[in-house]
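Structure first, then comments.
Computation of the quantities below employed the complete heavy-atom set of this structure, encompassing side-chain atoms and omitting hydrogens, waters and symmetry-equivalent molecules. Atoms within each ligand, like the ligands themselves, are counted from 1 in listed order.
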Amino acid sequence: MLDNTHEDWKSRAAGLTFRGQAFIDGKFTDAASGKTFDSINPATGAVLTPVAECDEEDVNRAVAAGRVAFEDGRWSRMAPGDRKTVMLKLADLIRENLEEMALLDSLDMGKLVTDAVTIDAPGSAHFFQWYAEAIDKVYDEVAPTGPGDLALVSRVPLGVVGAVTPWNFPLDMATWKAAAALAAGNSVVLKPAEQSPLSALRLAELAAEAGVPDGVFNVVPGFGVTAGKALGLHMDVDCLAFTGSTAIGKMFMQYSGQSNLKQVWPETGGKSPNLVFADCEDLDAAADMAAFGIFFNQGEVCSANSRLYVERSIKDAFVEKMIARAQAMQPGDPLDPTSKMGAIVDEKQTQGIMRFVEEGKKTANLVTGGERVTVEGKGCFVQPTIFDDVAHDNPLARDEIFGPVLSVIPFDTEEQAVAMANDSIYGLAASVWTDNLSRACRVSDKLMAGSVSVNTVDALSAMTPFGGMKQSGFGRDLSLHSLEKYTALKTTWIKYQA
Ligand code: NAD
Ligand code: MN
């Protein structure tokens, strides 16, 4: 019986079989071109498995399968209560295969397996269950026309939903899109990030096992410029749900305009501020959460609290607390439950992070970290890194680094803190630490962010919408509002003899 030691996880990993083929119309299949690319483990550099390199032709096949399924109603016209039963079964199957799902993400993109098995994989099961339970409890509307007219306002599925997702939470980003889109009755064609396609392929297989009919949930692994673009430009895709960088989110808006005016839901980058006021009573809790807010998942979190604004009177003492926490979170083998941080997703991302760090060493005050390291002589790892006294216009404070790099900026007044926090092209998330209730309300009211957390960071649940303002995009995942995104409002007006 395997438990939770490093050896246990290594032996589970050794026993895994990977699915590397595309999943189209209920079957695993090679790319039409026969091409493959390697899925790589960034902690070791080892090739996990070749993966089908889908391009336009495969996207066409998957969209066609999704369309046929949608039109004949095998899923789209199934009673919501029956769709619920299938999706609950899928949630159960994810739970039955929790360790495997966690390992796929950990091996593919470097996150700690202990996080994946306690947060990502149970989260995926929970979100499928949440949307399953919702769908036979949401009612449509009857307009107040009066006798002689019956006007129904109903929510109908859109058709074929394309989903293009990033690598930082591979299973959960696939789930956030697919659970809501499938619950609403759509067919889905998902293109996972090329760095981390494995958990989405296994998810599609589990969905089929749960009873999701052929053609309803398709996964086409491949690169952005080929498979992703083909989905974005497809004339028969009705909606494109995107999570990734702001630059690519903008491209999907263009693809839509160049093709069929499909709905696009961009959820994009962030540079989220965390404001710590001197009247916060539990500064240790604030420091614990501030460290979690930037170093969790190696800082590869869209809503990472990467800008830390601290009131000047407590700034130096708070930075000391942060340094201690950073130093206790050194990276290690993602399969070792004693590791506090995992590997960066790949070589390119690691080099990108290190460019920011090297520039930062010339322009700000490096107080801990700042080096690329290896684990057992291998892999893509970066130390938890903190820069103090960062100027507000320094790239460290303005650009999304998407790594374990924190910028500390002192402030003197509440107005100044709010103004600096809002002076960003992004508006995904923000946090405020204070024990003054009026200040908490006043500051959260003024922060331009899709999610504001007070005396915590990154508060998130299936019950509450998640998404941004400004160039963090306007898509919303989670909650019933996301279910709505995957439907069209339809008016049906019936005349009758009153
Ligand atoms: P990315 O934009 O490079 O890639 C995201 C997806 O888009 C991938 O599947 C990729 O293959 C595809 N893609 C890339 N180029 C494309 C093109 N030209 N045409 C079509 N598709 C293309 O982002 P990434 O590096 O994978 O992820 C990191 C980014 O994701 C960060 O900016 C992060 O903030 C963001 N993110 C946002 C959220 C959110 O909810 N707002 C959540 C997670 C990550
Ligand atoms: Mn990988």
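Using a 3.5 Å distance cut-off with no hydrogens or angles, the side chains of K250 and Q471 do pair a donor with an acceptor. Judged purely by distance below 3.5 Å, without hydrogens or angles, the side chains of T456 and S453 never pair a donor atom with an acceptor atom. Side-chain atoms of H234 and N260 include no donor-acceptor pair closer than 3.5 Å. A donor atom on one side chain and an acceptor atom on the other are found under 3.5 Å apart for N4 and W9.
Residue contact annotation: F242 has a non-hydrogen atom under 4.0 Å from ligand 1.
Between K177 and D477 there is a salt bridge, since at least one side-chain N of the basic residue sits less than 4.0 Å from a carboxylate O of the acidic one.
Atoms of ligand 1 found under 4.0 Å from any heavy atom of L428 (numbered from 1 in listed order, with element): 41 (N). If you number the atoms of ligand 1 from 1 as listed, the ones under 4.0 Å from a heavy atom of N168 come out as 43 (C), 44 (C). Short contacts between ligand 1 and E194, defined as distances under 4.0 Å to a heavy atom of the residue, involve ligand atoms 10 (C), 11 (O).
Counting only residues at least two apart or in different chains, salt bridge (charged side-chain N to carboxylate O under 4.0 Å, His left out) contacts with residues 336-348 comprise E347-R372. Evaluation of the salt bridge (charged side-chain N to carboxylate O under 4.0 Å, His left out) test over residues 35-62, restricted to residues two or more places apart or in two chains, returns D58-R61.
Checked by distance only, ligand 1 and T243 stay at 3.5 Å or farther apart across all their nitrogen or oxygen atoms. The shortest N or O to N or O distance between E400 and ligand 1 is under 3.5 Å. At under 3.5 Å, a nitrogen or oxygen of T165, whether backbone or side chain, sits near a nitrogen or oxygen of ligand 1. Not one N or O of W176 is nearer than 3.5 Å to an N or O of ligand 1, by distance alone. Considering backbone and side-chain atoms alike, G244 places an N or O below 3.5 Å from some N or O of ligand 1. No N or O atom of S472 sits closer than 3.5 Å to an N or O atom of ligand 1.
Excluding water, every protein N/O/S atom under 2.8 Å from the Mn ion (ligand 2) is given here by residue and atom: I40 O, D108 O, D108 OD1, Q195 O.
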Side chains of residues 159-174: which donor-acceptor partners sit under 3.5 Å, not counting sequence neighbours?
from: N168; atom 1: ND2; to: E300; atom 2: O; distance (Å): 3.2

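Shown here, atom 30 (O) of ligand 1 is in close reach of the protein: a heavy atom of it lies under 4.0 Å off.
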